[in-house]
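Notes follow once the structure below has been shown.
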Amino acid sequence: MLNFSFQNNTKILFGENQISAISQEIPADAKVLMVYGGGSIKSNGVYDQVKLALKDHTWFEFSGVEPNPQYDTLMKAQAVIEAENIDYILAVGGGSVVDGVKFIAAAAKFDGQDPWDIVAKGAKVEQALPIGAVLTLPATGSESNGGSVITRDGNKLPFGSPLVRPLFAVLDPSVTLSLSDRQIGNGVVDAYIHIMEQYLTFDVNGKVQDRFSEGLLQTLIEEGPKALAAETKEDLAVRANIMWSATMALNGLIGAGVPQDWSTHMIGHELTASHGIDHARTLSIVLPAVMKVRREQKHAKLVQYAERVFGITTGSDEQKIDQAIIATENFFKLMQVPTRLSDIDVGAEQVDILVSALEKHGMTKLGEHGDIDLAVSREILTTAL
C-alpha cells in the first residue's frame, strides 16, 4: 500500500427530511447565496424545503448553472456576492451545481487578475467562501470532495482544493425520486467509473481499498437497474444505496494509498467539450476501450475484477478478462448509456480533433503509469468507434 494522508471533514446529513437540518449547519448571521440549476428544484419541492430551512437567515439566490458549468455563467454570481456581501454559499442540485459553486467560492476570494487561472493555470486557491450542499442527483461525489470541473469556450478542465470541499452535505434519497431515467442511468454509471478509475490500476496490496471498491461496484450493479425498473423505481432503499455509493465512490476513501488512473475522464472531457455529450455517457464509451487497450498493463486487476465483482471464475485469465469487459458493457447498456462512439454518431473523422484537444490541454501523460501518450489515446478512441 502506498503512503497516504486522508481527511474528509464534510458532515453528511443522510436520510429523509434532512434538508431542514441546514438551518443549524449555516451560521445564523451568515448572508447566504443559494445556487441552483435550471429550476427542477422548484417542481420537486426541494426549493420550498430549502426556503423554509433558511427562513431565519438572510439569503439570496442565483440560478442557471448548466450541466458542465460554464465559466461565464458562474462569474455572473460574483456581482451578487459583491452587492450583497455574501459570506456563505449553498449549492442545491447535482454535481454540476456543486462544481460550479466551488469555483464561485474560490473566485470570490481570488487575488489574481483572472479567476480562470485557477482552472487553466493551476493558480493556488488561497481562500474561498464556505460551502454547503443539498444534493439532488447522486453521481459525481462532488458534495464531499475538493474537486471540480469547469467549462469555458469548449475547454473542460478540472481544478481542486481542500478549501472548496463542502462543510456539510444533505443526502435525502427521496428527492431523487423525481429524476428521469437518463439522469438515473448517468448517475449510476458516473459513480461506477469513479470507482474504476481508482480500482482498475495495479496491485499495491491495498486490500481494504480493493474490498471497499468491489463492494461499491457490486452495489451499483445490483441497485442501478432497480432504479429504472417500474416495480422498484419508487423504492427508497434502492435510491439510498445508490446515493451513498456515489458519495463513497469519490470522497477520498477508496483512493487513499492506491494508484489512480483517470484517463477515461480526461478523454471523456474532450467528448463533452467538443460534442456536448453527457459526462457519464462519455465515460461509458471510453472505459471499455481503455480496458481493451490497456489489458496488459491492467491484467492482474482485470482478472481480480472479473472474479470478485462479476463472479467469473472459470476459463483462462484472458477469457475472464474478455467476459468481464463484456459484462461491464452489458451493465452500461442495462443502465441505458452508450458504449461506442458510433452510438452517439461520432465517427473516425473526429478522432484527430479529439487527440488535438488532448494535446492542447496537456493531457499527454495519462493513466496510473503516466504512459498513455497521444498515440495510446488515439488507439483508445479508435477502439471505442
Would you call [X]-[Y] a salt bridge at under 4.0 Å N-O?
| X | Y | value |
| --- | --- | --- |
| D261 | R294 | no |
| K124 | D111 | no |
| E379 | K292 | no |
| K233 | D181 | yes |
| D114 | K121 | no |

Looking at [Y], is its backbone amide N or carbonyl O close enough to the side chain of [X] to form a donor-acceptor pair, meaning the two atoms are under 3.5 Å apart?
| X | Y | result |
| --- | --- | --- |
| E126 | K109 | no |
| H275 | L271 | no |
| Q209 | V258 | no |
| T201 | Q260 | no |
| N8 | N251 | yes |
| Q218 | R308 | yes |
| S284 | P338 | yes |
| N145 | G141 | yes |
| N155 | R152 | yes |
| K102 | G147 | yes |

Minimum side-chain heavy-atom gap [X]-[Y] below 4.5 Å:
| X | Y | value |
| --- | --- | --- |
| L220 | I195 | yes |
| L171 | Q18 | no |
| Y305 | E214 | no |

Do you know which two heavy atoms are closest between [X] and [Y], and how far apart they sit?
| X | Y | result |
| --- | --- | --- |
| M266 | L358 | O-CD2, 3.7 Å |
| S180 | Q183 | N-OE1, 2.9 Å |
| E84 | K31 | O-CD, 3.1 Å |
| S144 | T10 | CA-OG1, 3.6 Å |
| G146 | V164 | O-CG2, 3.5 Å |
| T314 | K320 | O-CG, 3.7 Å |

Inset, instruction - Working to the nearest 0.5 Å, report the span between OG of S174 and CG of N17. - result: 6.5 Å
Inset, instruction - Supply the atom-to-atom distance I325 CD1 to N330 CG, rounded to the nearest 0.5 angstrom. - result: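 Nearest 0.5 Å value for the CD1-CG distance: 12.0 Å.
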Legend entry - Check: F331 ring centroid to Y192 ring centroid under 6.0 Å: yes
Inset, instruction - Tell me who clusters with I353, hydrophobic residues only, linked when side chains sit under 4.5 Å apart either directly or through other members. - result: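 Members alongside I353: none; it stands by itself.
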Inset, instruction - Quick one: list whatever passes salt bridge (Lys or Arg N to Asp or Glu O under 4.0 Å) with D190, sequence neighbours left out. - result: none
Inset, instruction - Could you check E197 against H265 for side chain to side chain donor-acceptor pair (under 3.5 Å), going step by step and ending with a plain yes or no? - result: CA-CA 8 Å; E197 295 276 33; H265 271 69; 2.8 Å; yes
Inset, instruction - With K42 as the cation and Y47 as the aromatic partner, state whether NZ or CZ is under 6.0 Å from the six-membered ring centre and within 45° of the axis. - result: yes
Considering residues at least two apart in sequence or located in another chain, which fulfil the side-chain contact (heavy atoms from CB on, under 4.5 Å) criterion with [X]?
| X | result |
| --- | --- |
| L167 | Y88, P130 |
| P173 | F14, L236, R239, A240, M243 |
| M75 | Y71, Q78, F103, A107, P115 |

Let me have the donor-acceptor pairs involving side chains of residues 90-99, under 3.5 Å, with sequence neighbours excluded, atom names and distances please.
residue : atom : partner : partner atom : Å
S96     : OG   : N68     : N            : 3.1
D99     : OD1  : S142    : OG           : 2.6
D99     : OD2  : V149    : N            : 3.1

Inset, instruction - Under the side chain to side chain donor-acceptor pair (under 3.5 Å) rule, what do E143 and T247 come out as? Steps first, then yes or no, please. - result: CA-CA 7 Å; E143 67 278 0; T247 295; 2.4 Å; yes
Legend entry - Full working for side chain to side chain donor-acceptor pair (under 3.5 Å) between T136 and Y36: CA-CA 10 Å; T136 61; Y36 57 99; over 6 Å; no
